[in-house]
Amino acid sequence: MMSTATSSARAFSGPTGKKAGRSVHSAGYTRGVASNLACRKCTYSAGSVRLGGTSLPQTAFGASAKKNATQKRGQSLTVYASRDYYEVLGVSRSADPKEMKRAYRQLARKYHPDVNKEPGAEEKFKEISNAYEVLSDEQKRGIYDRYGEDGLKGMGAGGPGGPGMGDFTNPFDLFETFFNGGMGGAGGGFGRQRNRPTQGDDERFDLVLDFTSAVFGIDQELEIVRLESCDTCTGSGVKPGTSPATCKSCGGSGQVVTMARTPLGNFQQVATCSACGGQGQTSTPCNTCDGDGRVRRTKRISLKVPPGVDTGSRLRVRGEGNAGFKGGMPGDLYVFITVRAHPELQRDGININTTVTVPYTDAILGSTVKVNTVDGQVDLKIPAGVQPGTTLLMAKRGVPRLGSPNLRGDHLVTVNVSIPQRLSREEKKLVQELASLDSARPASKWSL
């Protein structure tokens, strides 16, 4: 991305015969206004240009720079200056290669046009790639530190526009080389810029199970909708009977490079080829899939849900996601589990909690009650003298541990004691007799 700075240069001869004017710099450069004083970053004087205190010959600007300096009053001079490469990557000038590599990795992922659809993201991505290409090369970095970008395009390459260090690599090639061919199916396929096979996207399916099915597992039939390879064109996207041809606009690269000449040298701009959409090939699209090579279909698959799943569990079915692009590997299917609540049983990890209410006479004398468990009704012995709130353990009546179905949790039963609010005359008489017997004892042995 190029930043511009415009200055109204009114050339005049001072006492010393030197020409001076106003210099307005973008991208953090110092603004200086003086008749005989020069900007710290860039000083124009007869016969040379100084960048950061280093002199460059007039050829760095070209012959037009000297001519523009002697133009008439009121005429404007427009100077294009790219941002400092260290600022682009957000690193210091003393940064080591590892730090630059880490900065490039983060910024390239953030601004790659396949992920970032904001205006200017692609230009930012190219600027980041150009900066890393220069600073990651020891020789180019040395020239850049001494002479700036113009040194790369002019002095380092035999003159503006010459071949060599001033030529930047295709930023998408640099990205794919850095990330070993892209990032797979994470965002629909970065490798598609060069018409390469790309892994398909993953698919999601939400499955609701009842309580018992989640505890013991179940074989479940799923009906999913996904992208599958087109049978008509066998996934190529090309109409049968025709063949793809190399794009004449980009020569098969998928990118179009344009050159802009500026007072600071020649600058390359890389854009996606509009003729082939970045594919590098042109072809007659398949009528069935419209050239994508994939069609959306419904498929039924059998899923074995293991024992012990719970709400929030996620099951992965490899290769059952969307078909890959241009013959790439298919994505995966992820099944997200939601378990319906049980009216009586409450799950706590691999344990199950429930409550049972017994009359106060059973709490005093003890009894046996039936308790609903995941295994059905089970007899539970209530010991004599049980206290309200007591928890009784039914071992190995809980949920199988996920991944280890032979290990089961426990069923915990909390005992509630029911005390009647009203008693018949006979019941009241019996309780009073019981109370009198209890008061005659030295100390009470039980209480409700």
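Values below: all heavy atoms of this structure, side chains included; hydrogens, waters and symmetry mates excluded.
In this structure, Thr212 and Val374 have side chains that are not in contact, with every pair of non-hydrogen atoms separated by 4.5 Å or more. You'll find the side chain of Thr242 reaches within 4.5 Å of the side chain of Lys239, heavy atoms only. Counting heavy atoms from C-beta outward, Ile128 and Leu89 have side chains that approach closer than 4.5 Å. Residues Lys370 and Leu380 fail the side-chain proximity criterion, which asks for heavy atoms closer than 4.5 Å. Residues Val413 and Met394 are in side-chain contact: their nearest non-hydrogen atoms beyond the backbone lie under 4.5 Å apart. Using a 4.5 Å cut-off on side-chain heavy atoms (C-beta onward), Thr284 and Val238 make no contact. Contact check for Thr272 versus Gln255: side-chain heavy atoms found under the 4.5 Å cut-off. Taking 4.5 Å as the limit, some side-chain heavy atom of Asp84 sits within range of a side-chain heavy atom of Tyr144.
Met329 CE to Gln199 CD: the interatomic distance, rounded to the nearest 0.5 Å, is 7.0 Å. Annotation: the span from Asp96 atom CG to Lys101 atom NZ amounts to 12.0 Å, rounded to 0.5 Å. Summarising the geometry, atom CG belonging to Asn353 is positioned 8.0 Å from atom OG1 belonging to Thr391; distances are rounded to the nearest 0.5 Å. Atoms CZ and CG, from Phe125 and Leu107 in turn, are 11.0 Å apart once rounded to the nearest 0.5 Å. Rounded to the nearest 0.5 Å, atoms CD1 (Ile301) and CD (Gln220) are 10.5 Å apart. Within the model, atoms OG1 of Thr354 and CG of Asn372 stand 7.5 Å from one another, a figure rounded to the nearest 0.5 Å.
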Thr298 vs Glu223, side-chain contact (heavy atoms from CB on, under 4.5 Å): CA-CA, chis, key distance, verdict: CA-CA 7 Å; Thr298 300; Glu223 187 175 277; 3.4 Å; yes
Verdict with supporting geometry, Ile143 and Arg141, side-chain contact (heavy atoms from CB on, under 4.5 Å): CA-CA 5 Å; Ile143 294 176; Arg141 182 178 179 180; over 6 Å; no
Verdict with reasoning, Thr373 to Ile352, per side-chain contact (heavy atoms from CB on, under 4.5 Å): CA-CA 9 Å; Thr373 70; Ile352 294 178; over 6 Å; no
CA sep, side-chain torsions, deciding dist, call: Arg347, Asp310, side-chain contact (heavy atoms from CB on, under 4.5 Å): CA-CA 9 Å; Arg347 182 170 171 177; Asp310 200 0; 3.7 Å; yes
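Across all non-hydrogen atoms, the minimal contact from Cys276 to Cys250 is SG-SG, 3.7 Å. Residues Pro244 and Gln281 approach most closely at CB-OE1, 3.7 Å, considering heavy atoms. Between Leu303 and Leu222, the closest heavy-atom pair is CD2-CD1, 3.7 Å. The shortest heavy-atom contact between Ala214 and Val339 is CB-CG2, 3.6 Å. The shortest non-hydrogen separation linking Gly293 to Cys233 is CA-SG, 4.1 Å. Minimum heavy-atom separation, Ser229 to Ala323: N-CB, 3.7 Å.
Listed for the Ser283 side chain is no donor-acceptor partner under 3.5 Å among the backbone atoms of Pro285. In this structure, Asp332 contributes its side chain and Asp202 its backbone to no donor-acceptor pair below 3.5 Å. A donor-acceptor contact shorter than 3.5 Å is absent between the side chain of Thr246 and the backbone of Gly251. Checking side-chain atoms of Asn351 against main-chain N and O of Asp410 turns up a donor-acceptor pair under 3.5 Å.
Under a 4.0 Å N-O distance rule, the pair Lys299/Glu320 qualifies as a salt bridge. With salt bridges taken as basic N to acidic carboxylate O contacts below 4.0 Å, one links Asp292 and Arg294. By the 4.0 Å N-to-carboxylate-O rule, Glu228 lies close enough to Arg226 to be salt-bridged with it.
The 12-atom threshold is exceeded at CD of Gln377, counting heavy atoms of other residues, nucleotides or ligands nearer than 6.0 Å. In the displayed structure, Glu221 atom CD is contacted under 6.0 Å by more than 12 heavy atoms of other residues, nucleotides or ligands. Under a cut-off of 6.0 angstrom, the local environment of CZ in Arg318 is sparse, with at most 12 non-hydrogen atoms contributed by other residues, nucleotides or ligands. When the shell of 6.0 Å around CD of Gln346 is examined, it contains 12 or fewer heavy atoms from other residues, nucleotides or ligands.
Among residues at least two apart or in separate chains, side chain to side chain donor-acceptor pair (under 3.5 Å) pairs with a member in residues 397-407 are Asp375-Arg397. Pairs of residues two or more places apart, or lying in two chains, that qualify as ring pair (Phe, Tyr, Trp, His ring centres under 6.0 Å) and include a residue from residues 206-240 are Phe211-His342.
For Phe336 and Phe205, the distance between ring centers is not under 6.0 angstrom.
Side-chain contact, Asp145 with Tyr86: a donor N or O sits under 3.5 Å from an acceptor N or O. Between the side chains of Asp210 and Ser213, at least one donor N or O lies within less than 3.5 Å of an accepting N or O. Using modelled atom types, one finds no donor on one side chain facing an acceptor on the other under 3.5 Å when comparing Asp206 with Tyr334. For the residue pair Ser94 and Ser92, a side-chain donor N or O sits within less than 3.5 Å of a side-chain acceptor on the partner. Side chains of Tyr104 and Arg109: no donor on one and acceptor on the other come within 3.5 Å.
Considering only residues two or more places apart in sequence or on other chains, Asp231 meets the salt bridge (Lys or Arg N to Asp or Glu O under 4.0 Å) condition with Arg297.
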